[in-house]
Amino acid sequence: MKEELITSKNNEFVKYLSALADKRFREREGSFVMEGFRAVSEAADAERIQKMIVSQSFYASADYRKLRGSAAPVVILADNLFQKFSDTQ
């Protein structure tokens, strides 16, 4: 499993995440953001995740270790960046 830490808001992937807020962009890309441990866990079990995006604090948690079986690459966002994209607390 490939892991990458992103700390800059100027990173191209962060810009891509921002663009996913637009419905037309999501439809064109065929991608969307899924939130919540249960939903992500079920998608990971079904091997339906293209890329897993987690906060630095979640990455260090026991809950993250439960998801590590997924083969999807992992992007770790600094907590302050992750908060800008997350509706889930």
Contacts of Gln50 that satisfy side chain to side chain donor-acceptor pair (under 3.5 Å) - sequence neighbours left out
Ser31
Any chance you could measure Leu77, atom CG, to Ile53, atom CD1, to the nearest 0.5 Å?
6.5 Å
For Glu42, all residues meeting side chain to side chain contact (heavy atoms under 4.5 Å, CB included), sequence neighbours excluded
Arg38
Side chains of Glu4 and Pro73 in contact at under 4.5 Å (non-hydrogen atoms)
no
List the atom of Val14, the atom of Lys9, and the distance in Å for their closest heavy-atom pair.
CG1-O, 3.6 Å
Using modelled atom types and a 3.5 Å cut-off, is there a donor and acceptor pairing between side-chain atoms of Arg26 and backbone atoms of Phe32?
no
ring-ring contact (aromatic ring centres under 6.0 Å, His included) between Tyr16 and Phe25, intermediate numbers included:
CA-CA 10 Å; Tyr16 176 81; Phe25 185 80; 5.5 Å; yes
For Asp22, the salt bridge (charged side-chain N to carboxylate O under 4.0 Å, His left out) test, sequence neighbours excluded, returns Arg24
Minimum heavy-atom distance between Val75 and Lys51, given as atom pair plus value
CG2-CD, 3.4 Å
May I ask you to check whether over 12 heavy atoms, not counting those of Lys15, lie within 6.0 Å of atom NZ?
yes
Please identify which of these residues, Leu5, Ile49, Val54, meets the side chain to side chain contact (heavy atoms under 4.5 Å, CB included) condition with Val74.
Val54
Between Glu3 and Tyr59, is the side chain to side chain contact (heavy atoms under 4.5 Å, CB included) condition met? List the steps.
CA-CA 10 Å; Glu3 298 174 349; Tyr59 179 74; 2.5 Å; yes
Distance check, rounded to the nearest 0.5 Å: Asp63 atom CG versus Phe58 atom CZ?
5.0 Å
Could you grab the distance from atom CD1 of Ile76 to atom CE of Met52, nearest 0.5 Å is fine?
11.0 Å
Rounded to the nearest 0.5 angstrom, the OG-CG distance for Ser8 and Leu81 is 7.5 Å
